[in-house]
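Note on naming: letters A, B, ... go to the chains in the order of the sequence lines (proteins, then strands), and numbering restarts at 1 for each one.
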Number of protein chains: 2
Amino acid sequence: MPESHHADIRSLDLFSEMEESNFKALMRGSYVQNFPQRIELIMEGESSDFLHVVLSGSVDLYSCWNDQETSMATIRPVSTFILAATIKDAPYLMSARTLEKSRIALIPSQDVRAIFDIDAAFARAIVNELAQCYRTVVKNTKDLKLRSSLERLANYLLRQHNKTGSSVIDLSMEKRRLASFLGMTPENLSRAFKGLSPFGVTVSGSQIKIGDVETLEAFAKPSVLIDNMQS
Amino acid sequence: MPESHHADIRSLDLFSEMEESNFKALMRGSYVQNFPQRIELIMEGESSDFLHVVLSGSVDLYSCWNDQETSMATIRPVSTFILAATIKDAPYLMSARTLEKSRIALIPSQDVRAIFDIDAAFARAIVNELAQCYRTVVKNTKDLKLRSSLERLANYLLRQHNKTGSSVIDLSMEKRRLASFLGMTPENLSRAFKGLSPFGVTVSGSQIKIGDVETLEAFAKPSVLIDNMQS
DNA sequence: TCAACCGTTTGACATTAATCAATTGAAGCG
DNA sequence: CGCTTCAATTGATTAATGTCAAACGGTTGA
């Protein structure tokens with residue numbers, strides 16, 4: 001892999017603390033590839049030969065069953081995905097496709113497992129990352145099971161607001177994908193936006209404006225145990 | 001902790017491969033406690049001081065939001081729970097209560113983290129367990145987002161059938177808890193059982209009989225990427 | 001510029017699931 | 001044994017969400 005990408009990967013929590021020699025060993029078998037928009041990177045059920053790192057662009061993780069498809073997560077730079085499958089050497093549970101032109105690093109899974117055993121800092125970083133992923137999915141499940149679609153949308157907007165600090169939110173994805181991520185149909189999302197207008201939410205294209213955060217929070221009732229992205 | 005319980009814990013995947021001296025060190029600060037039925041072990045939001053191991057009995061993991069409660073998982077012997085919170089030293093995302101009289105081992109979280117750093121086998125076991133937990137929750141999310149409540153129930157019954165090998169399934173929990181776990185109301189579960197009778201499912205109390213597995217499978221369309229408990 | 005395309009929105013309607021209220025049924029206890 | 005209690009069931013109703021079809025609107029490319 002070209003040295004130029006090492007810094008990006010090295011800056012990830014997952015790789016920042018490990019021994020330089022082990023990092024170099026990991027990079028030796030790895031390579032970076034550029035993908036156009038809407039390219040299938042992996043299909044669920046396949047075996048997990050590579051740990052993937054999104055260097056630029058973005059990737060959609062999704063799953064299918066019975067001719068339906070649902071969006072599970074969006075991966076943005078610089079993050080890894082399918083770490084669990086890599087660790088367990090088990091089939092992917094989710095498919096992945098690029099949402100836009102993306103640069104992806106591919107690190108052989110067996111190298112990851114091998115270095116894990118000899119580098120304690122790397123091991124600790126991996127376990128931290130996995131624990132983080134686990135907690136994210138648990139929060140997602142709570143969101144799905146305890147909230148209505150209107151409440152899910154309201155809290156999604158508030159999370160985006162907390163992330164960017166701006167009261168104008170750019171969805172930065174198709175509304176149909178947001179709908180799928182939130183577990184509803186595009187039609188329903190459209191109506192949900194309308195349903196939030198009494199709480200000061202206005203829509204213009206992919207720009208969503210939160211008129212008054214307190215009003216929206218009073219409806220959405222965000223919880224640190226569901227909506228806090230850090231812990 | 002009394003030596004008598006060591007064997008149970010040692011036999012867990014999580015502890016079976018580690019150095020004996022490290023295992024002893026872990027046990028030194030640990031203790032075992034007996035709890036009656038329906039005792040709150042932990043509340044979501046609290047800090048995670050102990051890794052818990054269910055030695056006997058069973059434990060319900062559940063979450064609350066806005067005066068609602070939903071059952072997330074049932075932990076049976078011999079398994080750990082809240083590993084992710086222990087690892088990350090972050091607040092619990094789920095509450096836990098005993099479903100019946102239970103014996104629980106409590107291992108100080110800081111000891112777990114300390115031994116993790118010096119015992120590669122333990123580290124590998126932890127990361128495997130976490131990856132397993134992660135994949136279980138992902139499957140759960142797919143189940144929730146891609147299936148109707150009738151389909152979820154049908155697949156749940158087939159999973160139990162695969163686990164026990166018997167075509168008569170004992171629910172071994174209140175139906176209201178099963179309903180909550182499957183993301184529906186008790187009333188709806190009752191009707192869902194009725195809705196499965198055309199596919200050979202008959203109910204008598206907590207005993208569910210699958211008349212013909214193929215017929216039920218034809219309806220449920222189980223998938224290894226959602227319903228396979230092993231991988 | 002205009003036509004074609006595709007995501008979004010809207011309305012009407014169907015389906016699914018939740019709620020409320022009442023009843024049944026089984027377990028525990030005096 | 002009969003009373004109490006609570007989970008489970010049933011029926012009627014309402015609410016939430018999905019489906020289908022049509023219209024709208026922005027983008028692309030001839």
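- Contact check of residues 57-66 of chain B against DNA chain C (heavy atom, cut-off under 4.0 Å) returns no residues at all.
- Evaluation of the salt bridge (charged side-chain N to carboxylate O under 4.0 Å, His left out) test over residues 198-220 of chain B, restricted to residues two or more places apart or in two chains, returns none.
- Residues satisfying the side-chain hydrogen bond (donor to acceptor under 3.5 Å, both in side chains) criterion with Glu69(B), sequence neighbours excluded, are Arg97(B).
- Of the candidate nucleotides dG18(D), dG7(C), dA7(D), dG7(C) has the atom lying nearest to any side-chain atom of Arg176(A).
- The distance from atom OG1 of Thr80(A) to atom CD1 of Ile75(A), rounded to the nearest 0.5 Å, is 7.5 Å.
- In this structure Glu100(A) satisfies the salt bridge (Lys or Arg N to Asp or Glu O under 4.0 Å) test with no other residue, sequence neighbours excluded.
- Looking at residues two or more places apart in sequence or on another chain, you find a side-chain contact (heavy atoms from CB on, under 4.5 Å) between Arg38(B) and Glu174(B).
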ask   = When you check every protein heavy atom under 4.0 Å of nucleotides 21-26 of chain C, what one-letter string (B, S, -) results, 5' to 3'?
value = ------
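- When the salt bridge (Lys or Arg N to Asp or Glu O under 4.0 Å) test is applied to Arg176(B), no partner is found at least two apart in sequence or on another chain.
- In the region residues 141-159 of chain A, proximity to DNA chain C at under 4.0 angstrom, judged on heavy atoms, holds for none of the residues.
- Between Arg191(B) and Lys175(B), the residue anchored closer to the 5' end of DNA chain D is Lys175(B), taking for each the nucleotide with the nearest heavy atom.
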Pairs of donor and acceptor atoms involving the side chains of residues 48-55 of chain A, under 3.5 Å and at least two apart or interchain, shall be tabulated with distances.
from     : atom 1 : to       : atom 2 : distance (Å)
Ser48(A) : OG     : Ala85(A) : O      : 3.0
Ser48(A) : OG     : Ala90(A) : O      : 3.0

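- Annotation: salt bridge (Lys or Arg N to Asp or Glu O under 4.0 Å) contacts of Glu44(B) (sequence neighbours excluded): Lys142(A).
- Residue pairs satisfying the salt bridge (charged side-chain N to carboxylate O under 4.0 Å, His left out) criterion with at least one member in residues 151-173 of chain A, sequence neighbours excluded, are listed as follows: Arg159(A)-Asp227(A).
- Of the candidates dA7(D), dG18(D), dT9(C), the closest approach to any side-chain atom of Glu174(B) belongs to dA7(D).
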Distances under 3.5 Å between nitrogen or oxygen atoms of protein and nucleotides 22-26 of chain D:
none

